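Step one of this worksheet: look at the structure below.
Since this is a predicted model, take the numbers as computed values, not measurements.
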Amino acid sequence: MKCHSVAALWSPSPPSHHITAVAATPTALFTGAADGTVLHWPLPPSPPFHPRPSSLLCAHAAAIAALCPLPSPAAASLLVSCAAGVLSLFSASAPLRCLRRRSLPPWAGSPSLVSPLPASSSHPRVAILCHAHDDHCHASAVVVVDARTLAVLHTVFHGALSVGSPRAVALTVCVASAAASVVLADTQGRAQTLPIADGGAVEGDSPRRLSASSLSSVASAEAPDGTVEAVALSDDGKVVALVLKTSCLLKCAAEGSVLGELSLGSTSLCKEEEGTGAKGCLAGGFFLRGGEWGARCLEDGNLVRSLVLWGSNGGAIVYRVAVGTPSFACEAVCEVPGVSSDQGEMSSSIQFCQMGNWLIRVESRPYKIGGSFSWKPFISIWSMDQLELSIAVNPESPPFCKVLGEGSLQGEEFRLERSHSLPKSENGVEMSSQMCSSDNGLGRYGRTVSSSMVLSEDSYAPYAIVYGFHNGDIEVIRFLNLMPAAKFGGGGGVYPHISERFFVGHEGAILCLAAHHMYAHSDSRSFQRALISGSLDCTIRVWDLDAGTLLSVMHHHVASVKQIILPPASSHHPWDDCFVSVGDDGLVALVSLQTMRVERMFPGHSCYPSMVAWDGVRGYIACFCRSLHSTNDVGSTLYIWDMKSGARDRIIRGTTSQSVFEHFCRGISKNAVTGGILGGTTSASSLLVPVLKDTALLQSRANRNGLNVSPVSKNHHTAADSLALGALTAHDVKGKTPAPDDRHNSAYSSGKVGSAKIINKRRKYPIKCSCPYPGIASLRFDLTEIMSTQGSFSDRQFRDHLHGDDTKETIQPGVLENTSGIQEMDSPSRESLEGQLLRFSLCFLHLWGVDCELDKLLVDEMQVCKPEDCHIATGVVGDRGSITLMFPGKEATLELWKSSAEFCAMRSLSIVSLAQRMITLSRSCTHASSALAAFYTRHFAEKVPDIKPPSLQLLVSFWQHPSEHVRMAARSLFHCSAPRSVPQPLRIERNKIPDAHLSSSDLVDTLIPAMQNASVSCHGQLKTDGEIVDRDDDDDTSQISSWLESLENQEWLSWIGGTSQDAVASNIIVAAAFVVWYPSIVKVKLAKLVVNQLIKLVMSMNDRYSSTAAELLAEGMESTWKACLGTDIAHFLSDVLFQIECLSSAPSSNAIYKTAVAVTMREALVGTLLPSLAMADIMGFFGVIESQIWATSSDSPVHVVSLKTLIRVVRGSPKSLAPYLDKAISYILHTMDPSNLIMRKACIISSMMALREIARVFPMVALNESMTRLAVGDAIGEIHSATIRVYDIESVTKIRILDACGPPGLPSFLEGPSDTTTSILITALSFSPDGEGLVAFSENGLMIRWWSLGSAWWERLSRSLTPIQCTKLIYVPPWEGFSPNSARLSIISNILGHDKHVNPETKTRELDDADNLKLLLHNLDLSYRLHWVGGKTIKLTRHGQELGTFQL
């Protein structure tokens, strides 16, 4: 069960964002950039607008090719495609989570254009135009993709197009046949039409190269006179607009003829700019759609279309174009003014998009830093129907549009402060800044991050972030100190940025970083950890990360160094202390950190190898060179090198190269912590790893092939795509203090490497880090792993491993005194690793600034502080490594709380679980932890009333979580949010809820006169109303059934990794919970509709929900389900016993997980459900278990389970069992039958426990001291046939029957009503100490009887079942407060609400046998006891109070 929470650490400078694609929805704007980032700009429904990005969508590592909004009746979504062939589907509404991430088939190529298809079913589809280079030939493919699963449905076209490289795509639908076609247009104005067939090849089939002549029509056209800047197609695909430098040609797509020309040479779009003298030109255009701007037909038959053309200066003009056969007319409607910008080495990039009646201008402005360019986006929104008529313009020019708002990426959360010059030492290396306040250390502000990575201490703690800047500086920012705060003085808590460290020496931007721990031992080498940096200045520098010194500078590249690859987990000496560098010059080099020399060089790549994979087992390096530009004829090429010899093994070109590269990656020993193939801690993006399918199956296949698939990386720093972090040691120092000597804090003591590997292999990592883009780090907290860290290993093991031989000098006295699983954390120095992990998690997950009192309490009592000097934000985990990160600021996080019920559930569940765990770990944190749990359970909704209630379906999926704290938190959140989040089909209408102030009897008294006063003339109207009610009931039943059985794949399922069956199961659990706990706010018929579904869920053996279903059935059995099931309870009992027998069967050797599930299910069935079913139908229960004796084997576990269930029934509902004591005793004695030795051996212990329990609870059952005799008296029965049975336990036979009938002359006032013969008979029994006598007390008649049984051996010889009269009879005088049964019977009858106007005798006579039995059971008193005082003296007690002593 997945429960992940994400926190993001943003660098102080905003990230670069060079926009390559833009799309708009009615509520937001999306911009895709060249680095693969997608920004979400939410927009209000009406102006004024202040566009600011709220979230960053991380799913791609290549340039975004297209953004395609997909409207859907259920929920809108956004389809994103990048040049690397990866597709991702995001929900268009908050939290914009990635629902699906998938790669296109390698033969399809790189997508360039995406267009939605007409919705023919509930699943939306899109057509994607792709380009690929196969055998030096340009090939294009048009594929139809399911927009929900991202699976390729069929191929429309694959091969060489008859037109050139398409620049525009449109979809047309024939009204008559409803057939869709794809229209492609190139820069020559030629168009090609491709019909979309309804059927096609199944995904995975080899694509067919389709003939263009047979499947398309091509319109020939003369080449335009000039360079085509852009191409636009109308919605119907009939008109092609060719945008030239100063004009726009409109052509007929079908015939290729020129329909008209728009000349813009004299407009403001093409004028010379002042100061620079550069002449402007057109840059792009598109046809408007929708509303008044869409195509419409005039009276003369001509079509009027609206066309937007924009120039390089940012200005745009909207034209209305009337296209007809004989004529052509155009009119400028409005104009967007241009922007004035200084033309430098690179001009701004301008794009426009439409949002209803608004035009959105998206501008990317470049600025140069350290020899490289960064980009900032600027957004402006213009109204096409609101014009600035007051501004004086050229009379020939159209009026200006009104600006509605402007915004950019740089907001208040990214404040640019002054930067200071870094001091340099003589050798130009690290300078450590002593940070004592927040005013220092401003050097990183004002600089742009070009590369970043997170450092973790032996995969246990993320303690620092490494930033590489465009100016060549490297900064290590420590946000977590591994040593206790007491060592440095000051308060406690988790406090980031304890110290900083700078590495200065590069002259260009830092493009890649890596951190490596040395394994080999050498006397000449003194460093333990190395920091490797590659730069734009073509050099690689190796630094001593501990001492801060420069170790080596390498110049083997002649272009910028873009990648550093560390050895994978399976590497062996000497390759485990090497790294691979990849340069923009196409060179891949293997460098040894031991010798500081280049050991192997792999040159000759056709272009920059964008992906490099290192197979440490087989000793090969695969370099994948993929051309992401359609103009490059080289295409994709895969080079495989032999690492040992340095020779090139083979070259694979074309689309096959990607498939071979993915196959190569599957065989690499993966880091089990990350699931990726990138070894070590590097700055490589986690999104660079290929999106592989069926990784679990491929992993097992690799294991069968004998590959060394290590569970963790040999490098203690894990892969960049997900750095594994385990138990953290988090302490705080108020203010900034210098970092201690890292060599003492290092976890990489050479003598402990072996033990570290063993510990790592056994550890699971609750926190994982990744740097998807430069300057952005994400921390992913896995609640399941965090809560399971208790007892995984002791503090002594970790600290010995952490500090090696210097433990005694480093650790203060008292730190290691307590090594138990649960440790006291009353002082920071004594804090357990689990406690530090919890504190660190709460530091980043808690929403600071909402409740100031709670924040202060957390700081003062729990010593958890808000991270300072770094920008903290939240996020959500998507599919296959994708992440959605919110921008810094409390407002963006609160918007997520207000818009996503799934996020509210996941984040609240995580924090409440952590807070409850803290309560059990530390007494000093109890108050703060309780306040924290109460805030996210109840008070948060009071502070922020418009936040979403948590998703109930998501919460119930954690009711069977292994951790008790998670289960408790999920149930608490459910109960607090259930009343305000009842699903609509289950919610009762307000006008149907009875008045709460009226009792049930008053309500009936009010309704009956109203019905009696209804006139006969209203009979027809009443009948009509009744039909309406029946129809409404049928509608309610249909709605509830549809909701319960819905297989719709809901969005919350992807948060926990569930399936459609989980959706049905969670709906059933939610409905049943409402029926049991909140019946007044749901429809009455819900109980009958859900009970059968709940039973099926119990019997389905679902590992997530079956135990919960059993608990709900047990909890509501008496109040709700008993009336719904009726006689079916006995059948259900039989089914449950059969299920228990199946669960108890011996599992196979490879079913460990199923065994754990079976144990959990068996505990729920035996301990919870069976007793409730037995109490609901005791007669049915005895019938079932008696039949099981003959229906199952003698050693079946069902017999023991039945006895244990009987014990629970005795403890839980003894009065209900009282009339059936004979059946209970008979069944127990049957399981002890000496003639069936197998059953007796299996059940003897449980049988004796059951007998002792019955004798303890029921005073009318007695065992002698030697446990050889058993006496059972009639608790309830006929007065004149009361008996006591005496059994011999050894032989399991009945040896005596004692007559306990009322003697002649019984007083009438004690006998009870004359017409009632059923009464309470034997109240208490007791054997004499010598076992030869039996005494019985009857409350009905106040009599004590005595029988002398004789010795046991004489009983066996003179066995007789003739009823024996008592030896002595003693009448007990009534005690103070005693009331006869008849009087108490009358009182109970009055309580139960029978008619008050008849006398008690008449009322009792009218009761049937069932009601009389209920009254007798209610009147049954099981507190009487008989105690032997002496040899012949008996003492009678009730509730422990003595009632009298009698001499026998």
Side-chain angles (χ1 to χ4, degrees), residues 8-19 33-37 56 58 60-63 345-346 364-377 409-410 414 416 419 422 430 442-455 464-477 500-515 531-543 553 557 559-565 581-585 608 610 681-688 720 770-778 870-871 885:
L9 283 75
W10 291 76
S11 65
S13 58
S16 176
H17 192 69
H18 183 197
I19 298 174
D35 57 355
T37 57
L56 177 70
C58 310
H60 301 272
E345 297 182 19
M346 187 174 295
S364 299
R365 297 180 181 177
Y367 58 98
K368 192 172 184 179
I369 297 180
S372 59
F373 285 94
S374 293
W375 301 80
K376 291 182 180 179
L409 175 60
Q410 183 177 347
F414 294 109
L416 290 179
S419 61
L422 301 178
E430 173 269 342
L442 301 179
R444 61 181 176 276
Y445 294 102
R447 294 179 295 168
T448 304
V449 176
S450 58
S451 183
S452 61
M453 69 176 178
V454 178
L455 295 180
I465 297 180
V466 182
Y467 286 135
F469 297 97
H470 278 282
N471 62 357
D473 296 341
I474 302 174
E475 182 179 13
V476 180
I477 303 174
E500 296 180 356
R501 176 164 292 169
F502 296 99
F503 298 87
V504 182
H506 282 289
E507 298 179 357
I510 306 298
L511 302 182
C512 54
L513 294 164
L531 175 65
I532 309 164
S533 58
S535 173
L536 189 66
D537 60 5
C538 311
T539 64
I540 296 175
R541 291 178 179 254
V542 181
W543 316 81
V553 181
H557 287 282
S560 57
V561 182
K562 289 190 173 182
Q563 289 187 60
I564 300 292
I565 293 99
S581 64
V582 184
D584 205 11
D585 53 0
Y608 163 67
S610 58
T681 299
T682 67
S683 59
S685 173
S686 58
L687 303 172
L688 281 174
S770 64
C771 284
Y773 302 106
I776 304 171
S778 65
C870 62
H871 302 299
L885 302 178

His60 NE2 to Thr37 OG1 distance, which is reported to the nearest 0.5 Å | 10.5 Å

Do any N or O atoms from the side chain of Ser535 and from the backbone of Ala509 form a donor-acceptor pair under 3.5 angstrom?
-> yes

What do you reckon, are the aromatic ring centroids of Trp375 and His18 less than 6.0 Å apart?
-> yes

Residues that Cys58 engages under side-chain contact (heavy atoms from CB on, under 4.5 Å), provided they are two or more places apart = Leu56, Leu687, Pro772, Tyr773, Leu885

Shortest non-hydrogen separation from His557 to Gly583 and the atoms involved | CE1-N, 3.4 Å

Looking only at heavy atoms, what is the nearest atom pair of Trp543 and Val504, with distance?
-> CH2-O, 3.6 Å

Separation of Met453 CE from Ser533 OG (nearest 0.5 Å) = 9.0 Å

Criterion side chain to side chain contact (heavy atoms under 4.5 Å, CB included) on Lys376 and Leu409, from CA distance to verdict | CA-CA 7 Å; Lys376 291 182 180 179; Leu409 175 60; 5.8 Å; no

Would you please name every residue forming a salt bridge (charged side-chain N to carboxylate O under 4.0 Å, His left out) with Asp35, sequence neighbours left out?
-> none

In Å, rounded to the nearest 0.5 Å, how long is the span from OG of Ser13 to NE2 of His871?
-> 8.5 Å

Pick out which of Pro14, Ser16, Ser11 makes a side-chain contact (heavy atoms from CB on, under 4.5 Å) with Val449.
-> Ser11

Where Ser452 and Ile776 come nearest, the two heavy atoms and their spacing = OG-N, 4.0 Å

Side-chain donor/acceptor of Ser450 to backbone N/O of Ile510, under 3.5 Å | yes

Hits for side chain to side chain donor-acceptor pair (under 3.5 Å) against Thr539, two or more places apart or cross-chain, chain-then-number order -> His506, Asp537

Mind checking the OG-CG spacing from Ser560 to Asp585? Nearest 0.5 Å is all I need.
-> 8.0 Å

Are Phe502 and Asp473 side-chain neighbours, meaning at least one heavy-atom pair lies under 4.5 Å?
-> no

Would a 4.5 Å heavy-atom cut-off, applied to side chains only, mark Val466 and Ile474 as touching?
-> yes

Lys562 and Cys512: which non-hydrogen atoms are nearest, and at how many Å?
-> O-CB, 3.5 Å

Heavy atoms, side chains only, cut-off 4.5 Å: are Ile532 and Ile540 in contact?
-> yes

Worked verdict on Val454 versus Cys771 for side chain to side chain contact (heavy atoms under 4.5 Å, CB included) | CA-CA 7 Å; Val454 178; Cys771 284; 3.9 Å; yes

With Ser451 via side chain to side chain donor-acceptor pair (under 3.5 Å) - residues at least two apart = Ser683

